[in-house]
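Working notes, structure below.
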Number of protein chains: 2
Amino acid sequence: MTDTPKARRPRSDGQRSRLALLAAARSAFMAGESDIRMDAIASRAGVGVGTLYRHFADRSALIEAVYADERDQLVASAPVLAARHKPLEALRQWMQLFVAYAATKKMMTPVLETVTGGAASLHERSGAPIIDAMQRLTSACVTAGALRDDIDPMDMLRAVYGVCTIAGDRPQQAVQFIDIVLAGARPGVTP
Amino acid sequence: MTDTPKARRPRSDGQRSRLALLAAARSAFMAGESDIRMDAIASRAGVGVGTLYRHFADRSALIEAVYADERDQLVASAPVLAARHKPLEALRQWMQLFVAYAATKKMMTPVLETVTGGAASLHERSGAPIIDAMQRLTSACVTAGALRDDIDPMDMLRAVYGVCTIAGDRPQQAVQFIDIVLAGARPGVTP
DNA sequence: AAGCTAAACGGAAGCATACTCCGCTTTTCA
DNA sequence: TGAAAAGCGGAGTATGCTTCCGTTTAGCTT
């Protein structure tokens, strides 16, 4: 069972198509055309729509693939920051990176929500590593006494995400908002 | 021009259909069936789909009508709270009401985002009075020295909305988060 | 009460768009 | 070089929103 029959090298044209599709989709999403049609993406990539579906199971899979790279970078930066800074500062800087990530994602949020299964399925698939990173950074802060322990870390991230997503294009404002949230989450601070 | 020819009374069956449609749509959205079909709503209301479109221009118009009532209540409560409490407390309580409002809306958020034109058009139409209420409450706080003046009030609301929307069904957590945000937004607090 | 008129009704047809299917082409490897 | 596997394209299918229009019905008038 599962014997590897020959292990052929992947075809070059297939890889080319895949990259062209990713590039076309990325540029379309970045341009804010969240409701772009699948065949439009295919023809911009210079391939037929059948080819698109050969490489990506459905719209949501394409979206996920487009943002997989950036997400991986974001996740990978967490341990680096944790090693280089004090816990609270690491968390703060990582949340700033998250804002940048969310900003590139912003225009495609409607797409995210639109996909069948809603935000849940996609967020879970694509978001698990992000949640993990956030929780590690936060618990380090709690251990260091720099943050209260009765706050769901994800709520902080959701709040920042909410500011990014719904706001216009003002990442600066979202960055400032990180400090507001962190200030409110310090031990011994109450309204 | 614009002479009132006769001014007939609106037909009773028309009003009945409209109410039946609103009730059917409301219960469907509340039940979390965000992807319910238009003809399903019509038949639940006991009318044809043509009748639905006679009363509501499109899906987004129907959604907006369903939530118009609750939104109006929320907006109307702002001046009441402002008269009854100190500025910061009024703001705090109003944001709590907003959480309840957003929670009822939560299941239909995908619908909101789905509608053509995206969140923008609907949010603007339906959200302007909310923005106005929030800004009044906030500026009272700033005047009273209870809040910094360099914060976009809408960012606070967006953050809370983000927590509500993306989080599961834990309005309690969102309410707690209001206090975190307000704590971080007090004058003289920095991380 | 009967008739007139405009409003409201119903649902079949029209249209848009995500996704599938399959015969044809290209690439890899022996 | 030839066989077979992988990839390609785009017409076809399915689904669901919206429109269109002939029919019905409520409100007004006489």
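Here is the naming used below: chain letters follow the sequence lines, and residue numbers restart at 1 for every chain. The figures that follow rest on heavy atoms only: side chains count, while hydrogens, waters and symmetry mates do not.
In this structure, the CG atom of A:Leu21 is 13 Å from the P atom of D:dG7, given to the nearest Å. Between B:Asp35 atom CG and C:dA18 atom P the separation is 16 Å, expressed in whole Å. Going from atom CZ of B:Phe56 over to atom C1' of C:dC9 covers 15 Å, rounded to whole Å. In this structure, B:Asp58 atom CG and D:dT19 atom C1' are separated by 13 Å, rounded to whole Å. If you measure from atom CZ of B:Arg8 to atom P of D:dA26, you get 12 Å, rounded to the nearest angstrom. Nucleotide C:dG10 holds its C1' atom 16 Å from the CE atom of B:Met38, rounded to whole Å. When rounded to the nearest whole Å, the span between CD1 of B:Ile36 and C1' of D:dT15 equals 15 Å. Taking atom CG on A:Leu62 and atom P on C:dC19, their separation rounds to 10 Å, with Å as the unit.
A side-chain hydrogen bond (donor to acceptor under 3.5 Å, both in side chains) check over residues 17-26 of chain B, counting only residues at least two apart or in different chains, returns the pairs B:Arg26-B:Glu70.
Ion pairing between A:Asp13 and A:Arg16 fails under the 4.0 Å rule for side-chain N and carboxylate O.
Within the 3.5 Å criterion, the main-chain N or O of A:Leu74 finds a donor-acceptor partner in the side chain of A:Trp94.
Connection of B:Ile130 to B:Val80 is not established within any shared hydrophobic cluster, with ILVMFWY side chains joined at heavy-atom distances below 4.5 Å, either directly or through further cluster members.
If you check distances only, the side chain of B:Arg59 never reaches the base of D:dT18 with a donor-acceptor pair under 3.5 Å. Side chain B:Arg37 to base D:dG16: no donor-acceptor pair is found below 3.5 Å.
A distance of 8.5 Å separates CG in B:Leu137 from OG in B:Ser77, rounded to the nearest 0.5 Å. Put simply, CG on B:Leu81 and CE on B:Met95 are 13.0 Å apart, with the number rounded to the nearest 0.5 Å. If you take CE on A:Met156 and CD1 on B:Ile180, they are separated by 7.5 Å, rounding to the nearest 0.5 Å.
Contacts with DNA chain D (heavy atom under 4.0 Å) in residues 43-54 of chain B: B:Val49, B:Tyr53, listed by number.
Listed pair B:Arg9 / D:dC28 meets the phosphate criterion, a side-chain N or O lying under 4.0 Å from OP1 or OP2. Using a 4.0 Å cut-off, no side-chain N or O of B:Ser17 falls inside it from OP1 or OP2 of C:dA8.
The side chain of A:Asp39 lies closest to C:dA18 when the candidates are C:dA18, D:dC28, D:dC17. Each of D:dG27, D:dC8, C:dT28 was ranked by its minimum atom distance to the side chain of A:Asp13; first place goes to D:dC8. Distances from the side chain of B:Arg11 to the nucleotides C:dA18, D:dC8, D:dG27 place D:dG27 closest.
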